[in-house]
Number of protein chains: 2
Amino acid sequence: MGLQLTRGAEYAVRAMSYLARYPEGHVSSLHEIGEAQDIPESFLAKILQSLVRAGLTVSQRGAHGGFALARPAAEITMQQVIEAVDGPISVNQCVLSPEDCARSASCSVHEAWLRAQSQLMDVLGSITLESLAPEPAAVG
Amino acid sequence: MGLQLTRGAEYAVRAMSYLARYPEGHVSSLHEIGEAQDIPESFLAKILQSLVRAGLTVSQRGAHGGFALARPAAEITMQQVIEAVDGPISVNQCVLSPEDCARSASCSVHEAWLRAQSQLMDVLGSITLESLAPEPAAVG
DNA sequence: GGAGACCGGACAGAAAGGGTCTGGTTGGGA
DNA sequence: TCCCAACCAGACCCTTTCTGTCCGGTCTCC
Ligand code: SF4
Ligand code: SF4
């Protein structure tokens, strides 16, 4: 192992891709999402909270409550979803906070990590929930 | 956090970049590397073992022993170093072994991870130890 | 035949991951 | 009105992984 995202982020992306397949504003309950996507419900609850706090989803309480995307699916990227749950992506500690490593100024490796990080961000930042929609229909 | 390499891999890359700055075949002791690169020696010992087993370095026992690159620096990539220590890189579990996830066949997200993984491998696989050499000299 | 170095693996404390549970709050509907 | 369905917030727990340390063994140069 080593460089791998958490289960929480995996679940988050799947949950979001589920919400994305409905018309904007459609509300799905925690239970519904968990069942459809095979995610432990009590864990999913926590994940969805993070997404709400991050402003990626909105929630509706009370009867017939649930969750919906806060924005059109085309305006939410995988990067945003992952970072909402796992915290900022940083392939190595010096990427996000160079001041944490005394060597960063003179380190010949530092720049290599920056490049890797940048590539990863590019691809994750360019994949939107829309492009993850399972049904290729609904383009009309 | 979440998506981040281990300290072990960080140390490994730094140690290798240290070895790479010497002419081919030059032997450096564990102690020397640890001191120069600020890596706990007993931990570094374990890391170097992994690198030897992976065939990236060779070791010399007895007095005046130590470690050296097994190949020219230009033929060792960051990807190889990282995987020797952390195990195979896999941004998500389904990337390496799709059979572990029952959903992988019909999963609309699966392909996105494959793309991210591929990008990451491209950049890590294209950075060689030679390009990490700290001294820009020694070009002849 | 030392002394200096690597080898191999057991061990351990700390941190993170992965998930559960409980009590509280909100709001819709009978 | 009042109850129930749902989300909200956080404490809690178990397991695994990370990040090392330590020690006895082996090899090899001098
Ligand atoms: S790569 Fe260099 S700068 Fe980054 S953490 Fe390692 S030593 Fe520090
Ligand atoms: S992305 Fe899809 S295939 Fe990959 S692990 Fe998640 S559910 Fe399985």
Side-chain angles (χ1 to χ4, degrees), chain A residues 1-15 19 26-35 37-68 70 82 84-90 92-93, chain B residues 1-15 19 26-35 37-70 82 84-90 92-93 101:
Chain A
M1 305 272 180
L3 200 96
Q4 189 162 146
L5 50 72
T6 63
R7 228 86 296 281
E10 226 272 318
Y11 293 155
V13 172
R14 286 231 308 282
L19 291 180
H26 178 91
V27 165
S28 309
S29 78
L30 170 69
H31 177 74
E32 180 191 341
I33 303 174
E35 189 132 299
Q37 290 289 322
D38 244 338
I39 303 173
E41 281 183 39
S42 27
F43 191 21
L44 181 57
K46 233 165 58 162
I47 295 167
L48 283 168
Q49 289 315 311
S50 305
L51 294 171
V52 170
R53 276 190 225 103
L56 299 180
T57 59
V58 291
S59 63
Q60 175 64 33
R61 304 225 262 197
H64 305 123
F67 300 86
I82 294 171
V85 174
D86 273 3
I89 294 174
S90 173
N92 193 0
Q93 58 179 21
Chain B
M1 306 272 177
L3 199 96
Q4 190 160 144
L5 47 72
T6 63
R7 226 88 295 278
E10 226 272 319
Y11 292 156
V13 172
R14 285 230 309 280
L19 291 180
H26 178 90
V27 166
S28 310
S29 77
L30 171 68
H31 177 73
E32 180 190 342
I33 303 173
E35 188 130 300
Q37 290 288 322
D38 244 337
I39 303 174
E41 280 184 38
S42 29
F43 191 22
L44 181 56
K46 236 169 51 166
I47 294 167
L48 283 168
Q49 290 313 312
S50 305
L51 293 171
V52 170
R53 278 189 223 105
L56 299 180
T57 59
V58 292
S59 63
Q60 176 64 35
R61 303 224 263 195
H64 305 124
F67 300 87
L69 296 185
I82 295 171
V85 174
D86 273 4
I89 293 174
S90 172
N92 193 0
Q93 58 179 23
C101 179

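All chains are named by letter (A, B, ...) in the order of the sequence lines, taking the proteins before the strands, and each is independently numbered beginning at 1.
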**Item:** Sequence-aligned protein contact record of nucleotides 14-30 of chain C, with B where the base is within under 4.0 Å of a protein heavy atom and S where only the sugar-phosphate is
**Value:** ---SSBB----BB-SS-

**Item:** Note, B:Leu19 side chain near B:Thr57 side chain (heavy atom, < 4.5 Å)
**Value:** yes

**Message:** Is the shortest side-chain heavy-atom distance between B:Arg7 and A:Asn92 below 4.5 Å?
**Reply:** yes

Hey, can you pull the donor-acceptor pairs under 3.5 Å for the side chains in residues 59-66 of chain B, sequence neighbours left out?
none

Can you check the [X] [atom1] to [N] [atom2] distance for me, whole Å?
X	N	atom1	atom2	value
B:Gln93	D:dT17	CD	P	13 Å
B:Leu30	C:dC7	CG	C1'	12 Å
A:Gln4	D:dC18	CD	C1'	15 Å
A:Ile47	D:dC7	CD1	C1'	15 Å
B:Arg53	C:dC7	CZ	P	9 Å

Would you list the atom pairs, donor with acceptor, under 3.5 Å between side chains in residues 37-51 of chain B and any protein atom, with sequence neighbours excluded?
unit_1: B:Gln37; atom_1: OE1; unit_2: B:Arg14; atom_2: NE; d: 3.0
unit_1: B:Glu41; atom_1: OE1; unit_2: B:His31; atom_2: ND1; d: 3.4
unit_1: B:Glu41; atom_1: OE2; unit_2: B:His31; atom_2: ND1; d: 2.7
unit_1: B:Ser50; atom_1: OG; unit_2: B:Lys46; atom_2: O; d: 3.3

**Message:** I want to check one thing: is the phosphate of C:dG4, taken as OP1 and OP2, less than 4.0 Å away from some side-chain N or O of B:Ser29?
**Reply:** no

**Request:** Answer with base, sugar-phosphate or nothing: what part of the nucleic acid does B:Leu48 contact at a heavy-atom distance below 4.0 Å?
**Result:** nothing

**Request:** Please identify each residue that fulfils side chain to side chain donor-acceptor pair (under 3.5 Å) with A:Thr6, with sequence neighbours left out.
**Result:** A:Asp86

**Fill in**
A:Val27 meets the side-chain contact (heavy atoms from CB on, under 4.5 Å) criterion, sequence neighbours left out, with A:Ala68

